[in-house]
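Just so we're on the same page: letters track the sequence lines, and every chain starts at 1. Keep in mind that what you see is a predicted model, and the values were worked out from it rather than measured.
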Amino acid sequence: MPERAPRADDASRTTGRAMPEQDALPFPYRGAIECRGALVTALRSVVDPEVALSIVDMGLVYGVAIDAETAVVELTMTTSACPVAHVIVEDVQAALDRVLPEHLAIDVKLVWDPPWTPERMSDGARAFLRR
Amino acid sequence: MMVASLARGRSRRQLAMPATIVMRAVFAALVALSLVAAIVGGLWRTGMHLPDAAVVARSAGQHAALMLSVLLGTTISLERAVALGRRWAYAAPVLAAVSGLLIVCGLRPEAAALGVVAAVVFVAVNVFLLHRAQDSATAMMVLGALCWLAGNALEALEPGQPAVIAWWFAFPVLTITAERLELTRFLPRRSSAGTLLRTIAAGIVAAAATSVIDPAMGGVAFGAALVLLALWLAAFDIARRTVFAGGVARFMAAALLTGYLWLAVGGLAWLGTALGCPGRDVALHALGLGFIFSMVIGHAPVIVPALAGVRLRFGAWFYAPLLLLHASLACRLFGAIANPEWRTLGAQVNAAAIGLFVATVAGSALAWRRRDVRRDRGRAHAPRARPT
């Protein structure tokens, strides 16, 4: 069965706003180049519905490292007192599960250091919020 | 580096043990009992013919306690317990839910005492969260928790003291305000907007405190602060932008923006009733249903998965309870001016809107689960290995 595109009706990620894909990723990426495009698209499909922006545009992805066995994603939240953090983590895992090679284990880590700041948001995100 | 990790392939639902399932079922039953009692009591107060039973009269007399202290206290303290992630933090929602059972059973003093203990635990939870997050939004949540404690303590010491309602309303209002304050970090001009919002929040607390010693002055100040809060939200809140997005974000924003309208109406009515004008029903229910419950409905698609570990499939059907709530509230609060019977009718449809909301959440959970099963069946590969 072919890989499925992220669906639009999951309550936690229906609001994905298409931000132009950048050549330079807003987070460090270490891994096979052929995984990169699908991985970024999958991460962009995970949205914080309170601000209607993807976790990539919010600057919540701190980094991705893929080796022969595991894909590790380091993720933060805008506040460490966020009750929906584990839901977003599960969304990221589900999104990556659809696009990454099946032999890879997926490990999504919540990272609080350094703390998130608004400066991490993309220009597109800033423009949306300034409208 | 502080790190938490979740391995793919085993959901929280799959990890639940039988004892956990039983405890969750008992907890849900307690919440459902308080909700039903609060609604039945509320309908009785609006003149609906109901069986002449002591439990109905008790629920009517304790309608505000059930709705504000028990149900909102349970929900909000559960949300913060999930955020903290410590087992002891769940004592607050459990104790609040049990206090609802005690109220229904006619044990009001015991319920009030339990409410105080629940609020003390909740304050501690928020202090721990403040220690972790160290921002002004979390500090405002501590203030909201203290308002719940003040209301519960006043109810325990002096049952029926009119200012208890102001404290109980200040609790969810400040909690919501704190969440909106947190979101101002994303906005330009955030420093001045944030300072203004913090000032309004301080005004709400000061007004609730004044209501204890001078109900008229406190009521005017409380209503005025609510109107100012509505104006701030209409001017600065991020929902003004996200309403132009799609899906859940738009739904949340629609629920928020309509709620802000009712917040202004409720504030004006609160101010008016403090000056001797009629309109107590408008003051209480524009605020309780129009603002706070609209917020609850709006956040349900996001917060229910976090609190209950149950995923929801979002769809346009979520708008049905929201529209029904606001339409029936307008019928109840404004239609009653022309025809008093509209108040009863509007209240009944308010109750139906809450029932429809519960059914919508349940149906969405089933819809997600059905799709999840289909997805697992169609999976191209076996579950992945867990990371080592």
Side-chain angles (χ1 to χ4, degrees), chain A residues 1-4 7-17 47-53 58 69-72 74 78-90 93-94 96-98 100-113 115 117-118 121 125-126 128-131, chain B residues 1-9 11-12 79-80 82-84 129-130 132-133 135 137-138 141 179 182-183 185-188 190 238 241-242 244-250 252-253 301-307 311-315 364 368 371 375 378-382 384-388:
Chain A
M1 191 161 175
E3 289 170 353
R4 262 172 251 175
R7 303 216 178 164
D9 53 352
D10 172 353
S12 301
R13 56 186 160 77
T14 50
T15 51
R17 301 184 62 76
V47 165
D48 179 346
E50 197 78 68
V51 287
L53 291 166
M58 286 294 293
E69 294 176 347
T70 309
V72 178
E74 290 189 343
T78 56
T79 170
S80 55
C82 177
V84 299
H86 70 264
V87 177
I88 293 177
V89 167
E90 286 180 6
Q93 287 169 331
L96 296 183
D97 184 47
R98 293 184 202 113
L100 289 181
E102 61 191 77
H103 68 274
L104 284 177
I106 299 170
D107 190 12
V108 182
K109 295 180 187 296
L110 266 181
V111 176
W112 303 110
D113 184 20
T117 63
M121 289 194 296
R126 281 176 222 278
F128 170 67
L129 292 174
R130 262 193 209 110
R131 252 191 273 169
Chain B
M1 186 182 286
M2 192 174 160
V3 167
S5 180
L6 272 171
R8 203 231 152 268
S11 70
R12 289 173 4 119
E79 184 198 344
R80 305 315 291 162
V82 170
L84 186 63
L129 285 169
L130 179 62
R132 185 196 289 176
D135 57 37
T138 314
M141 288 202 179
E179 287 174 357
E182 208 260 323
L183 294 169
R185 291 199 295 160
F186 310 145
L187 300 176
R190 63 190 171 91
I238 203 166
R241 277 101 167 157
T242 55
F244 296 109
V248 185
R250 169 173 285 179
M252 288 173 76
V302 176
I303 204 69
V304 167
L307 301 190
R311 307 301 294 247
L312 304 182
R313 184 172 181 181
F314 178 77
S364 302
W368 172 272
R371 203 189 70 179
R375 180 183 289 165
R379 182 185 288 278
H381 57 80
R384 291 173 191 269
R386 302 191 73 193
T388 51

Measuring heavy-atom distances to chain B, does [X] have an atom under 4.5 Å in its side chain, in its backbone, in both, or in neither?
X	value
A:T78	both
A:I88	neither
A:A85	neither

Exercise. State, to 0.1 Å, how close B:R132 and A:S80 come at their nearest heavy-atom pair, and which atoms those are.
Key: NH1-O, 2.9 Å
Exercise. State which residues pass side chain to side chain contact (heavy atoms under 4.5 Å, CB included) with B:V304; sequence neighbours excluded, sorted by chain then number.
Key: B:A300, B:A308, B:L312, B:V361
Self-check item: Reported CG-to-OG1 distance for the pair A:L104 and A:T70, which is rounded to 0.5 angstrom
Solution: 7.0 Å
Self-check item: Contacting moiety of B:E182, where chain A heavy atoms sit under 4.5 Å
Solution: side chain
Quiz item: Is there a side-chain contact between B:E179 and A:E50 (heavy atoms, below 4.5 Å)?
Solution: no
